[in-house]
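So you know, we letter chains A, B, ... as the sequences are listed, proteins then strands, and number each from 1. Source: prediction; values computed, not measured.
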Number of protein chains: 2
Amino acid sequence: METDDRPRYAQIADELGRRIDAGIIGVGLPFPSDAQLQEEFSVARNTVRQALDVLRAQGRIHTVKGRGSYVRPRVPARRVAASRYKADVSSTPDRPQTAVTHDYGIPFSQHNPDVVIARESASPEVAELFQVEAGTPLVRRDLVFRLEGWPTHMSTSFYLAEMVDGTWVAGPGSEPAPGGAIGHLASLGVRVTRVLETVESRMPSPREAEVLRMSAGPVLAITRRMLADGRVVEVAREIVYPGDGVRLEYEVDL
Amino acid sequence: METDDRPRYAQIADELGRRIDAGIIGVGLPFPSDAQLQEEFSVARNTVRQALDVLRAQGRIHTVKGRGSYVRPRVPARRVAASRYKADVSSTPDRPQTAVTHDYGIPFSQHNPDVVIARESASPEVAELFQVEAGTPLVRRDLVFRLEGWPTHMSTSFYLAEMVDGTWVAGPGSEPAPGGAIGHLASLGVRVTRVLETVESRMPSPREAEVLRMSAGPVLAITRRMLADGRVVEVAREIVYPGDGVRLEYEVDL
DNA sequence: GAGTGGTCTAGACCACGAC
DNA sequence: TCGTGGTCTAGACCACTCA
């Protein structure tokens with residue numbers, strides 16, 4: 001038995017973490033309330049709350065005001081850049097697939113993102129990524145991806161209205177789509193040959209925290225540009241994952 | 001004037017953030033103490049502390065027990081994978097450079113990482129990355145990179161002892177090195193042709209938090225493998241940046 | 001209306017750093 | 001020794017969710 005002179009809140013956080021690991025407190029099940037934990041560990045409520053702050057920062061629990069806390073599932077994706085987009089390219093009617101089904105190793109039938117599509121003028125920021133004038137008409141697509149009901153990640157992406165207007169890609173029936181964004185563009189005769197990705201780590205916005213059901217941990221945010229013939233034909237700004245929800249893999253040839 | 005019914009601590013955090021932006025509280029200068037802020041804003045100390053928690057999570061301040069808080073500088077690097085390693089390859093005696101000087105746009109003379117070199121047996125984890133037996137002798141290199149005194153990132157990396165033993169690369173005189181790791185290996189006749197990187201976001205370990213002078217924000221952690229002739233010749237596990245200290249850029253050709 | 005988490009107060013003791 | 005932040009207590013009121 002080792003002496004434990006660490007702060008009480010850290011000990012409690014560890015103990016609760018162990019219970020989650022052991023499955024004593026299950027994924028999606030209600031977490032003990034502040035009052036219960038206060039009672040069990042014989043500490044003040046602030047000490048309980050400090051312990052839960054640790055678990056929240058680790059992304060292990062999610063807390064909703066007035067309702068309680070829940071254990072967050074860990075759904076780690078391996079997002080291998082070199083092969084995920086090739087999955088898009090090689091999707092066939094017989095074996096439909098997308099980069100996302102590739103990341104999670106799931107069948108296409110389990111791929112049913114929520115989607116909201118709207119027209120929008122290019123903000124200066126998106127315009128620069130697209131290398132077009134600010135104000136250029138775009139089609140904006142907000143997606144939320146889920147696995148067994150739990151959100152895995154979300155994205156906001158844009159096509160040039162000029163390119164997709166009047167096609168199925170501009171409608172809500174464009175998801176789920178075999179071949180993903182690359183499939184969309186291919187159906188319009190545009191062949192994507194290059195993808196540029198920028199990765200950042202930051203704290204989530206309130207909306208991101210709500211949608212992704214995370215209370216305090218960091219997110220990984222990817223800004224993506226797809227190019228065809230040297231021209232930018234799709235911009236995703238941004239694709240947002242819970243910090244512990246993905247491992248990105250890239251290769252660089254010299 | 002908009003009504004502000006947001007929590008008091010959030011308002012205080014915003015106000016302090018504005019003061020940092022405006023330079024009223026400068027980088028590296030002492031931050032007001034809890035007692036001073038308590039006095040100024042007429043709130044309890046816990047409320048002050050909650051406000052500082054926000055700034056810590058954003059990486060804007062760093063706090064050391066018994067001493068106080070300090071404003072953290074923002075030293076963002078653009079870490080462009082496609083070009084940074086080419087900088088290593090194209091380093092010459094006339095114009096020495098490394099991937100790191102490329103990232104930060106600094107002259108080689110400003111590149112002076114702290115370095116600790118040791119021999120170590122491969123842990124199962126590192127061994128798997130190296131594709132060798134666990135226990136294989138390695139040379140371990142712990143580096144800390146700084147810019148104008150402030151730590152920008154840190155790394156732990158490994159060479160095969162068999163490959164570098166008895167050469168300058170195994171000694172402390174191997175840093176700073178023109179051409180970085182690729183230059184090290186090139187001097188031994190090993191030509192790196194491929195680099196694999198894995199990116200994760202997580203909370204820092206206590207040691208990382210101390211070295212990088214961050215109190216609560218997330219880090220970006222990169223695991224890197226360098227290959228020559230299909231063989232792994234260098235493993236970095238891990239290269240750790242403060243979450244707001246870097247933007248990674250990758251390209252994927254289809 | 002009962003239970004939940006979010007916020008806030010006004011104290012207290014401690015370990016640590018600077019002087 | 002004194003000021004600092006870290007931890008902890010024992011209350012309180014509020015907004016929110018759910019039955």
- Message: Does A:Arg49 reach a base, just sugar-phosphate, or nothing at all? Heavy atoms under 4.0 Å.
- Response: base
- Separation of D:dC8 C1' from A:Arg6 CZ (nearest whole Å): 17 Å
- For B:Asp34 and D:dT7, give me the distance from atom CG to atom P, rounded to whole Å. 12 Å
- Interatomic distance where CZ belongs to B:Phe31 and P belongs to D:dG3 [whole Å]: 21 Å
- For atom CG of A:Leu52 and atom C1' of C:dT4, their distance in whole Å: 12 Å
- Task: Mind calculating the distance between CD (A:Gln11) and C1' (D:dG6) to the nearest angstrom?
- Result: 15 Å
- Query: In whole angstrom, what separates B:Ile12's CD1 from C:dC8's C1'?
  - Reply: 11 Å
- Query: Under 4.0 Å between a side-chain N/O of A:Ser33 and OP1 or OP2 of C:dT4, yes or no?
  - Reply: yes
- Message: Expressed as a whole number of angstroms, how long is the span from A:Gln38:CD to C:dG5:P?
- Response: 11 Å
- Query: D:dT7 phosphate, OP1 or OP2: any side-chain N/O from A:Tyr9 under 4.0 angstrom?
  - Reply: yes
- Check salt bridge (charged side-chain N to carboxylate O under 4.0 Å, His left out) between A:Arg6 and all other residues, then give those that pass, not counting sequence neighbours. A:Asp4, A:Asp14
- Note on the structure: Taken in chain and number order and not counting sequence neighbours, the residues that satisfy salt bridge (charged side-chain N to carboxylate O under 4.0 Å, His left out) with A:Asp244 are A:Arg72, A:Arg74
- Going 5' to 3' along nucleotides 10-19 of chain C, which nucleotides have protein heavy atoms under 4.0 Å from the base (write B), which only from the sugar-phosphate (write S), and which from neither (write -)? B-B--BBSS-
- May I ask you to evaluate whether A:Thr47 reaches the phosphate of D:dT9, defined as a side-chain N or O under 4.0 Å from OP1 or OP2? yes
- Item | Protein-nucleotide distance (B:Gln50, atom CD; D:dG5, atom P), rounded to Å | 16 Å
- Message: A:Asp34: which residues meet the salt bridge (charged side-chain N to carboxylate O under 4.0 Å, His left out) condition with it, sequence neighbours left out?
- Response: A:Arg45, A:Arg49
- Query: Is there a side-chain polar atom (N or O) of A:Thr63 under 4.0 Å from OP1 or OP2 of C:dG5?
  - Reply: no
- Query: Listed by chain and number, what are the salt bridge (charged side-chain N to carboxylate O under 4.0 Å, His left out) partners of A:Arg146, not counting sequence neighbours?
  - Reply: A:Asp114
- Item | Pairing of B:Asp21 and B:Arg18 as salt bridge, 4.0 angstrom limit | no
- What orientation do B:Phe145 and B:His111 show, parallel under 30°, tilted 30 to 60°, or perpendicular over 60°? parallel
- Scan for salt bridge (Lys or Arg N to Asp or Glu O under 4.0 Å) pairs involving residues 200-212 of chain B, sequence neighbours excluded, and state none if there are none. B:Arg202-B:Glu208, B:Arg202-B:Glu238
